[in-house]
Structure formats: structure tokens, C-alpha cells
Amino acid sequence: MVKQDCAAGLRCTYAGAGGVTSRRCVAAGTATEGARCTLAPTDAGLAFDTCEAGLFCKDERQDDGGTAFSCRRLCHTSTQCDASEACNTVLRLAGTPELPLLCGERSQPCDPFAQACAAPLSCYPSSSGPVCAGSGTRGPGESCDFSNQCAPGSACVAAGVGLTCRPLCRPGGPPACSSGTCRPLSGNAGVGACLP
């Protein structure tokens with residue numbers, strides 16, 4: 001998706017057909033980054049958006065409570081985004097288990113132990129340190145893909161088989177783990193997770 005390795009004139013994007021979403025090489029759209037976008041007319045039963053190569057049409061809530069759609073850049077790391085953005089927006093698409101990332105507004109740094117983010121956000125560890133993000137509800141031991149799927153005060157970490165939500169702790173405490181061992185989280189100074 002980010003690499004864009006389709007033939008000339010085509011773009012690699014997610015296209016839907018019959019309730020299944022998959023990566024496909026389709027005709028490149030004309031909508032530029034930040035421009036409004038829509039679903040393109042279907043081509044051989046495929047539905048895809050009107051964005052240029054390397055972009056995807058993402059819904060965004062407006063100040064008046066409505067929804068608008070605009071083209072956002074697909075990414076793997078924040079270095080692929082504009083200086084004012086970060087690679088931090090998860091794209092959840094029906095019909096595929098893949099969770100691609102888009103460039104979005106930089107998240108505010110925070111203290112995961114103070115939890116002082118403005119509602120409905122909570123503070124979670126990330127690859128660039130703790131940031132405010134939308135709050136999740138999954139409890140300790142439940143499977144996850146990202147930390148903010150977990151309830152505030154926990155993080156999504158590798159614990160045994162796969163990724164699960166685990167309580168946050170401070171290496172050397174407090175707070176300490178009620179059970180397990182507090183393991184430091186890379187990129188998050190002074191923050192750890194309680195692992196069994």
C-alpha cells in the first residue's frame with residue numbers, strides 16, 4: 001500500500017467486493033492529499049475511492065457534528081508524513097483483518113499515571129512516548145492490536161501468545177504490579193507493563 005508497486009497509471013488501495021475488502025491495483029484517482037473524496041464508480045464490481053496513489057479516503061467528524069471524507073496519506077512511520085503530522089491514525093475497514101495506518105494530527109504528550117487527557121481521550125504508551133488517544137474498554141488479558149483498545153491505565157503488549165492488554169506500572173514503583181513483573185516499555189521512559 002505505502003510502496004505503491006502497481007503498473008503505471010494504477011494505484012494500490014483497498015477495494016471492496018461482495019463484503020470482502022482486499023488490496024487491489026485499480027485506476028488512480030485525482031483527489032489530492034487533504035481534498036474531499038468519494039467512492040469511485042465500481043469497476044468490475046469493485047468499490048474504491050477517488051484519491052491519488054498513496055492516499056486513502058478517510059471519514060472525519062466535523063465541528064457541526066457531521067462527517068466529511070478527505071484523502072489521507074498511507075504510512076508505516078511518521079517520517080513518511082508532513083512535519084506537522086504523525087503516522088497514528090488506524091484505518092479499520094470492514095471485510096479485512098488488516099489495520100493500515102494513515103498520517104494524522106500529532107497526539108498530545110501526557111502522563112499515563114496522571115490520566116489528565118481531555119475526555120473522551122486517555123493517556124497510552126506509544127512508539128514515541130505516552131500520548132492522548134481515544135479510550136478503549138478491553139480488560140487485562142484480553143487480546144488487542146493497539147494500546148488504546150485497552151482500558152485507561154493499561155497497554156497492549158506481547159505477553160505469552162499474541163498481544164494482550166496489561167496494567168501499567170512504573171519500574172521500581174509506585175505504582176507496582178499486584179501480580180507479575182513490571183517490564184519497561186521501549187520508548188516510554190519510566191513506564192512499564194505488568195507481565196505474568
Side-chain angles (χ1 to χ4, degrees), residues 1-4 6 10-17 19-43 46-110 112 115-138 144-152 155-156 165:
M1 297 293 293
V2 175
K3 190 175 180 183
Q4 290 298 318
C6 294
L10 300 179
R11 66 185 270 235
C12 181
T13 192
Y14 288 98
V20 176
T21 300
S22 59
R23 296 179 187 204
R24 298 284 184 104
C25 289
V26 299
T30 58
T32 58
E33 188 169 4
R36 295 288 184 237
C37 51
T38 62
L39 273 183
T42 59
D43 179 13
L46 292 177
F48 50 93
D49 65 49
T50 56
C51 297
E52 291 181 337
L55 308 176
F56 193 86
C57 191
K58 173 79 171 71
D59 59 310
E60 298 175 350
R61 182 172 287 286
Q62 304 300 292
D63 291 338
D64 63 4
T67 301
F69 291 80
S70 62
C71 295
R72 302 268 292 276
R73 182 161 302 284
L74 290 154
C75 58
H76 292 306
T77 68
S78 293
T79 57
Q80 296 167 325
C81 304
D82 290 340
S84 63
E85 296 181 321
C87 187
N88 61 4
T89 303
V90 180
L91 189 59
R92 291 181 171 88
L93 301 170
T96 178
E98 293 187 26
L99 295 168
L101 294 172
L102 298 172
C103 296
E105 186 177 322
R106 286 192 177 275
S107 302
Q108 293 297 313
C110 56
Q115 288 296 335
C117 298
L121 307 180
S122 297
C123 190
Y124 292 94
S126 77
S127 59
S128 57
V131 294
C132 294
S135 304
T137 58
R138 298 182 189 180
C144 54
D145 296 295
F146 300 98
S147 284
N148 71 322
Q149 291 175 316
C150 303
C156 185
C165 295

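Only a predicted model underlies this, so the values are computations on that prediction, with no experimental measurement involved.
- The side-chain heavy atoms of Cys12 and Arg24, taken from C-beta on, include no pair separated by under 4.5 Å.
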Taking it one step at a time, do Arg11 and Gln4 satisfy side chain to side chain contact (heavy atoms under 4.5 Å, CB included)?
CA-CA 6 Å; Arg11 66 185 270 235; Gln4 290 298 318; 3.6 Å; yes
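- Here Thr21 contributes atom OG1 and Leu93 contributes atom CG; the two are 6.0 Å apart, rounded to the nearest 0.5 Å.
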Could you please spell out the steps behind the disulfide (SG to SG under 2.5 Å) verdict for Cys117 and Cys132?
CA-CA 6 Å; Cys117 298; Cys132 294; 2.1 Å; yes
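- With contacts defined as side-chain heavy-atom distances shorter than 4.5 Å, the pair Lys58/Thr89 qualifies.
- Closest approach of Gln115 and Pro112 over heavy atoms only: NE2-O, 3.1 Å.
- Counting heavy atoms from C-beta on, the side chains of Pro152 and Tyr124 come closer than 4.5 Å.
- Cysteines Cys87 and Cys75 have SG atoms closer than 2.5 angstrom.
- Annotation: salt bridge (Lys or Arg N to Asp or Glu O under 4.0 Å) contacts involving residues 117-136, sequence neighbours excluded, are absent.
- Looking only at side-chain heavy atoms (C-beta outward), Val131 and Gln108 stay at 4.5 Å or farther from each other.
- Residues Asp49 and Phe56 form a side-chain contact, since some pair of their non-hydrogen atoms from C-beta on lies under 4.5 Å apart.
- Side-chain contact between Leu101 and Leu74 is absent, with no heavy atoms from C-beta onward closer than 4.5 Å.
- For Glu33, the CD atom is densely surrounded, since the number of other residues' heavy atoms within 6.0 Å is greater than 12.
- Cysteines Cys150 and Cys144 have SG atoms no closer than 2.5 angstrom.
- Between the OG1 atom of Thr13 and the CD atom of Glu52 there is a distance of 12.5 Å, given to the nearest 0.5 Å.
- Atom SG of Cys123 and atom CG of Asn148 lie 11.0 Å apart (nearest 0.5 Å).
- Rounding to the nearest 0.5 Å gives a distance of 12.5 Å between CD of Glu85 and CD of Gln80.
- Residue Arg73 comes nearest to Leu55 through the heavy atom pair CA-CD2, 3.7 Å, listed as atom of the first residue, atom of the second, then distance.
- To the nearest 0.5 Å, atoms OG (Ser84) and CZ (Arg106) are separated by 7.5 Å.
- Using modelled atom types and a 3.5 Å distance limit, the side chains of Glu60 and Thr67 yield no donor-acceptor pair.
- Disulfide check for Cys37/Cys51 fails, with the SG atoms at least 2.5 Å apart.
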Step by step, would you call Arg23 with Tyr14 a side chain to side chain contact (heavy atoms under 4.5 Å, CB included)?
CA-CA 5 Å; Arg23 296 179 187 204; Tyr14 288 98; 3.8 Å; yes
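- The side chain to side chain donor-acceptor pair (under 3.5 Å) search around Thr32 returns none, not counting sequence neighbours.
- In this structure, Cys6 and Cys25 have their SG atoms less than 2.5 Å from one another.
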Side chain to side chain contact (heavy atoms under 4.5 Å, CB included) between Leu99 and Leu91, worked out
CA-CA 6 Å; Leu99 295 168; Leu91 189 59; over 6 Å; no
